[in-house]
Amino acid sequence: MWWFQQGLSVLPVALVVWSAASFVFSYITAIVLHHVDPLVPYISDTGTIPPERCLFGIMLNISAFLGLATMYVRYKQVCALSPDKSKILKLNRIGLTLGLMSCFGLCIIANFQKCILYYIHVVGACLTFGVGAIYMLVQTILSYLMQPEVHSKEIFWIRLSLFLWCCLSILSMFVSSVVLYSGLYGTNLVQKLHWDPQEKGYTAHIVSTVSEWSLAFSFLSFFLTYIRDFQKISLRAVVRLHGQSLHSSA
């Protein structure tokens, strides 16, 4: 049995691989068709113009579903491992709620493009990354509270490091975006897909785009830490027929 076939570890693996593929495939398509610049465009810009917009939307919607499934399984796992600890259970419910909001935000990003409905797209980004960062914080706290019985110190420090990486990326992206869209470098920059390195504001643009890619991969890296936990989870279905129970497990 391969390592990703153990338990339900296929869920976080599928989430990370599929999400990364959605970024890469839409990026390659946009570059080949000369819709964006090759040097670090915004992720959203690579999914603005057809046909990559269609690919970007479909793949991110599937990523949102995989994220939802992964977060729900994580929620059920924490419930099963700490059934009598009210503090952990309360934090776990908060984490699930935040996770659902983050997945909904990802659907908004997928279906409302930046250059068409900018403010709705920004709302989706805030839900995905802003609320998602709080979800990461909650899971990191849970990892701390559940050690050493369930989680090791190593996994807590890894998740804390990834959360700090996420926060630094958010801060860098926020500051550079505020500078870029302050009006100092022109107007209507939201619609701009091609940049000349000699243009004013190019440095702020690059810092902002690099921060966005960094932020996205900090999220993907965080879900990679679920793999070992999910290897210990088995799925069991119970079917009741006329008062009798049939059990199957995977």
So, for A133 and I170, which heavy atoms are closest and what is the spacing to 0.1 Å? CB-CD1, 3.8 Å

More than 12 heavy atoms of other groups within 6.0 Å of Y42 OH: yes

Got a donor-acceptor contact below 3.5 angstrom from the S143 side chain to the F156 backbone? no

Before we go on, tell me: are the rings of F56 and F25 under 6.0 Å apart, centre to centre? no

Measuring from L96:CG to L68:CG, what's the distance to the nearest 0.5 Å? 8.0 Å

Can a donor-acceptor pair be found, under 3.5 Å and without considering hydrogens, that links the side chain of S102 to the backbone of G99? no

Decide whether a cation-pi geometry holds between K192 and W195; the criteria are a distance under 6.0 Å from NZ or CZ to the six-membered ring centre and an angle within 45° of the ring axis. yes

Does any donor atom in the side chain of S177 or S208 lie under 3.5 Å from an acceptor atom in the other side chain? yes

Nearest non-hydrogen partners of Q113 and T48, listed with the distance: CG-CA, 4.2 Å

Distance (rounded to the nearest 0.5 Å) between F112 CZ and C107 SG: 10.0 Å

Determine, stepwise, if the pair S218 / S169 fulfils side chain to side chain donor-acceptor pair (under 3.5 Å). CA-CA 8 Å; S218 70; S169 298; 5.1 Å; no

With no hydrogens and no angle check, just 3.5 Å: does a side-chain donor-acceptor pair link R74 and Q77? yes

R93 NZ/CZ over Y75 ring centroid, <6.0 Å and within 45° of normal: no

Here the pair of heavy atoms bringing L215 nearest to C166 is CD1-SG, 3.6 Å

Working note: L100 + M71, criterion side chain to side chain contact (heavy atoms under 4.5 Å, CB included); need CA distance, chi angles, decisive distance, verdict. CA-CA 8 Å; L100 296 178; M71 292 172 180; over 6 Å; no

Contact summary for T209 and P41, nearest pair of heavy atoms: CG2-C, 3.9 Å

Side chain proximity check, S19 to F223, heavy atoms < 4.5 angstrom: no

Would a distance-only check, ignoring hydrogens and angles, find a side-chain to backbone donor-acceptor pair under 3.5 Å from W18 to M59? yes

Salt-bridged, D229 to R159, with N to O below 4.0 Å? yes

Test item: M146 and I88 side chains (from C-beta on) under 4.5 Å apart, heavy atoms: yes

Does any part of the side chain of E212, heavy atoms only, come nearer than 4.5 Å to the side chain of S44, both counted from C-beta? yes

Which is it for I108 and F104 under the side chain to side chain contact (heavy atoms under 4.5 Å, CB included) test, yes or no, and what are the steps along the way? CA-CA 7 Å; I108 294 177; F104 178 67; 3.6 Å; yes

Enclosure of Y202 OH (heavy-atom neighbours >12, cutoff 6.0 Å): yes

Of all heavy-atom pairs linking T46 and E52, the shortest is O-CG, 2.9 Å

Y226 side chain reached by Q139 side chain, heavy atoms, under 4.5 Å: yes

Between F219 and F222, does the ring centroid distance fall short of 6.0 Å? no

Please lay out, stage by stage, how S26 and R53 fare under the test side chain to side chain contact (heavy atoms under 4.5 Å, CB included). CA-CA 8 Å; S26 60; R53 181 171 71 188; over 6 Å; no

Under 4.5 Å between any side-chain heavy atoms of V16 and F217, yes or no? no

